[in-house]
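A short worksheet on the structure shown next.
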Protein chains: 2
Amino acid sequence: MEGGQLKSIEASQSLAERLFVTLRGEIVEGQIAAGSKISEPELARRFNASRGSLREALMRLESLGLLERRVNVGARVVDLTERGLLDLYEVREALEGMACRLAAQYHTKEDLVELRQMLARHEQQEELQAGKAYFQPEGDFDFHFRIVQASKNDLLIDTLCNRLYYRVRMYRYQLGMASPRAQRAFREHGHIIEAIEAGDGELAELLMRRHIRASRHNIEKKLTTET
Amino acid sequence: MEGGQLKSIEASQSLAERLFVTLRGEIVEGQIAAGSKISEPELARRFNASRGSLREALMRLESLGLLERRVNVGARVVDLTERGLLDLYEVREALEGMACRLAAQYHTKEDLVELRQMLARHEQQEELQAGKAYFQPEGDFDFHFRIVQASKNDLLIDTLCNRLYYRVRMYRYQLGMASPRAQRAFREHGHIIEAIEAGDGELAELLMRRHIRASRHNIEKKLTTET
DNA sequence: TTCCGCTGGATTGTCAACAATTACCCGTTG
DNA sequence: CAACGGGTAATTGTTGACAATCCAGCGGAA
């Protein structure tokens with residue numbers, strides 16, 4: 001139980017905020033195991049913080065869906081279930097599909113420039129790594145992230161980028177869904193950007209939904225063969 | 001500034017939870033004005049609670065998207081903007097469309113029974129009121145609520161029923177979008193249920209998305225003519 | 001042996017006081 | 001007269017202590 005390291009988070013903001021960011025990272029990356037119980041006194045001692053500040057961080061984590069709290073019982077890290085992962089993909093299909101439709105309509109020139117630059121970077125990276133690890137790094141996140149930003153719908157952006165994506169990352173880190181769909185996913189990204197550039201919202205939505213559904217089916221297959 | 005009434009909320013649970021529910025109601029119904037600043041000491045005095053418990057309630061309200069908090073400045077009730085309302089409808093179109101698709105696939109017999117009973121009740125109500133006020137009461141909420149429940153996707157259910165719907169209700173209460181689409185909306189509800197019963201997820205999604213988009217266009221028109 | 005109730009320990013919920021930051025008011029100055 | 005700066009008051013962030021609740025282990029009775 002080593003001492004907490006929350007110095008490098010940027011010293012500004014409030015203590016509760018820093019605790020929140022630190023704990024979020026540890027939960028996403030599995031340093032705090034999924035399904036494990038959270039002890040408020042223990043964590044408070046570890047970070048040299050009071051229980052009050054820690055509780056504030058815990059409540060934010062609960063609202064992110066990374067913790068479950070029951071009154072007079074305490075908080076537990078959510079556990080990762082096959083069903084939860086598939087549920088997540090269904091919601092993403094709906095929301096990111098809509099994000100694409102809106103992005104095709106409302107994107108700015110800067111959005112397109114950044115999307116194309118990103119795609120170019122990913123292409124280099126892919127050639128280097130021979131289509132092996134496109135999905136693991138944050139590359140895939142970058143793509144989906146940027147698309148959502150281009151939708152210009154603040155509620156959609158908040159829901160996906162500040163809420164669901166942490167859960168997505170948690171599943172990826174811990175269940176480690178390294179996809180064999182690397183090159184294919186890359187090409188699909190390109191087609192989605194083209195549709196957005198052409199202003200064809202209907203096509204952009206369709207392509208994104210297929211893209212996500214393909215990932216989902218891939219995972220489904222993996223899970224059924226493994227178990 | 002009358003004394004707080006949080007006695008009738010069910011005395012169980014925790015104090016912070018009761019404060020949360022009470023304040024949520026007052027914000028949704030506009031008794032606490034949209035855009036107004038929240039004073040922690042004042043509210044704490046009003047409910048005879050400590051600031052700590054109140055702050056917990058405020059943070060839950062923030063995670064619901066009903067409050068905005070800035071560090072060392074305080075909390076404000078979100079203000080209702082035309083853009084925010086339209087954003088909300090776009091997200092609902094995506095999510096409830098998916099909910100219908102899933103409901104068509106995973107609904108139970110009990111789901112269908114309840115949906116049909118509800119539709120029957122709404123029909124009576126509509127005949128009584130001569131198609132005037134189908135939308136105002138919670139009737140429309142009941143419908144959308146039950147559909148989402150039938151999707152069996154816990155993340156989707158939580159996102160819509162525990163997060164977005166309070167914002168929807170806030171807009172309805174305060175901007176008072178009494179719809180002239182009463183009978184038409186009612187018929188659309190019927191068609192959606194039929195599609196779900198037939199197990200046609202694609203059609204159910206399509207119909208729900210049209211249904212919500214029609215509401216959205218209706219509001220858009222109203223807003224442009226009024227201003 | 002198995003089930004039930006009880007007691008001790010620990011954990012969570014709640015509170016009131018302290019420290020740090022911000023907002024407001026007012027006098028000064030260009 | 002308007003803009004800037006200092007000082008005070010109020011608000012927020014944080015802490016440690018108190019009260020209520022839950023959990024584990026033990027002992028007794030059927």
Side-chain angles (χ1 to χ4, degrees), chain A residues 1 3-7 9-24 26-27 32-33 35-64 66-79, chain B residues 1 3-7 9-24 26-27 32-33 35-64 66-79:
Chain A
M1 208 63 61
Q5 57 277 34
L6 48 94
K7 40 194 180 301
I9 295 295
E10 69 179 303
S12 62
Q13 305 286 350
S14 76
L15 171 58
E17 179 98 12
R18 292 188 305 251
L19 288 171
F20 166 65
V21 173
T22 303
L23 288 173
R24 184 181 62 191
E26 295 198 1
I27 290 176
I32 298 180
S36 64
K37 183 166 182 346
I38 296 288
S39 166
E40 292 183 1
E42 179 186 330
L43 275 184
R45 279 195 304 273
R46 179 174 154 212
F47 292 111
N48 293 108
S50 82
R51 260 186 61 223
S53 301
L54 185 102
R55 277 169 66 87
E56 179 168 338
L58 293 186
M59 294 194 334
R60 297 199 198 184
L61 289 170
E62 182 189 18
S63 81
L64 265 192
L66 297 182
L67 287 186
E68 287 172 349
R69 289 182 55 197
R70 289 192 332 193
V71 274
N72 285 319
V73 171
R76 306 190 78 86
V77 182
V78 295
D79 36 25
Chain B
M1 207 65 61
Q5 57 276 35
L6 48 93
K7 41 193 179 302
I9 295 294
E10 69 178 303
S12 62
Q13 304 289 348
S14 77
L15 170 59
E17 179 98 12
R18 291 188 306 249
L19 288 171
F20 165 65
V21 173
T22 303
L23 288 173
R24 185 181 62 192
E26 295 198 1
I27 291 176
I32 298 180
S36 64
K37 182 165 182 348
I38 295 289
S39 166
E40 292 182 2
E42 179 186 327
L43 275 185
R45 278 195 303 273
R46 179 175 153 213
F47 291 112
N48 292 108
S50 83
R51 262 185 60 224
S53 301
L54 186 101
R55 277 169 66 87
E56 178 167 340
L58 292 186
M59 294 197 336
R60 296 199 198 184
L61 289 170
E62 182 189 16
S63 81
L64 265 192
L66 298 183
L67 287 186
E68 286 173 351
R69 290 183 54 196
R70 289 191 332 194
V71 273
N72 285 318
V73 172
R76 305 189 78 86
V77 182
V78 295
D79 36 25

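Labels below follow one simple rule: chain letters A, B, ... track the order of the sequence lines, proteins then strands, and each chain is numbered from 1. It should be emphasised that the depicted structure is a prediction, and the values quoted were computed from it without experimental measurement.
When the P atom of C:dA10 is taken as reference, atom CD of A:E40 falls 16 Å away, rounded to whole Å. Residue A:R45 contributes atom CZ, which lies 14 Å from atom C1' of D:dG16 at whole-angstrom precision. One can place CE of B:M59 at 13 Å from C1' of D:dT14, the figure rounded to the nearest angstrom. Put simply, CZ on A:R69 is 13 Å from C1' on C:dT11, counting in whole angstrom units. Rounding to whole angstrom units, CG of residue B:L54 and C1' of C:dG13 are separated by 15 Å.
For B:R24, there are no salt bridge (Lys or Arg N to Asp or Glu O under 4.0 Å) partners, not counting sequence neighbours. Residues meeting the side chain to side chain contact (heavy atoms under 4.5 Å, CB included) test with A:S36, sequence neighbours left out: A:I32, A:A33, A:V77. Applying the side chain to side chain contact (heavy atoms under 4.5 Å, CB included) test to A:V73 and every residue at least two apart in sequence or in another chain returns A:R70. Annotation: side chain to side chain contact (heavy atoms under 4.5 Å, CB included) contacts of B:R69 (sequence neighbours excluded): A:E56, B:R55, B:M59, B:E62, B:A75. Among residues two or more places apart in sequence or in another chain, the side chain to side chain contact (heavy atoms under 4.5 Å, CB included) test is passed with B:A44 by B:R51.
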Protein and nucleotides 19-25 of chain D: nitrogen or oxygen contacts under 3.5 angstrom:
{"unit_1": "D:dT21", "atom_1": "O3'", "unit_2": "A:N72", "atom_2": "ND2", "d": "3.4"}

Sort me out a list of protein N/O and nucleotides 14-17 of chain C N/O pairs below 3.5 Å, or just none if empty.
{"unit_1": "C:dT14", "atom_1": "OP1", "unit_2": "B:L15", "atom_2": "N", "d": "2.4"}
{"unit_1": "C:dC15", "atom_1": "OP2", "unit_2": "B:S50", "atom_2": "N", "d": "3.2"}
{"unit_1": "C:dC15", "atom_1": "OP2", "unit_2": "B:S50", "atom_2": "OG", "d": "3.2"}
{"unit_1": "C:dC15", "atom_1": "OP2", "unit_2": "B:S53", "atom_2": "OG", "d": "3.0"}

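To the nearest 0.5 Å, the span separating OG on B:S14 from CG on B:L19 amounts to 8.5 Å. The distance from atom CZ of A:R60 to atom CG of A:L66, rounded to the nearest 0.5 Å, is 13.5 Å.
Fit an axis to the five pairs at each end of the helix from C:dT1-D:dA30 to C:dG30-D:dC1 and the two axes sit 30° apart, to the nearest 10 degrees.
Between A:A57 and A:A16, the shortest heavy-atom distance links the atoms CB-O, 3.7 Å.
Within 4.0 Å (heavy atoms only), B:L58 reaches no atom of the nucleic acid at all.
With contacts defined as side-chain heavy-atom distances shorter than 4.5 Å, the pair B:L67/B:I27 qualifies. Between A:L58 and A:L23, some side-chain heavy-atom pair lies under the 4.5 Å cut-off. Under the 4.5 Å side-chain criterion, counting only non-hydrogen atoms from C-beta, A:R18 is not in contact with A:V21.
Applying the 4.0 Å criterion to OP1 and OP2 of C:dT22, one finds that B:K37 has every side-chain N and O outside that range.
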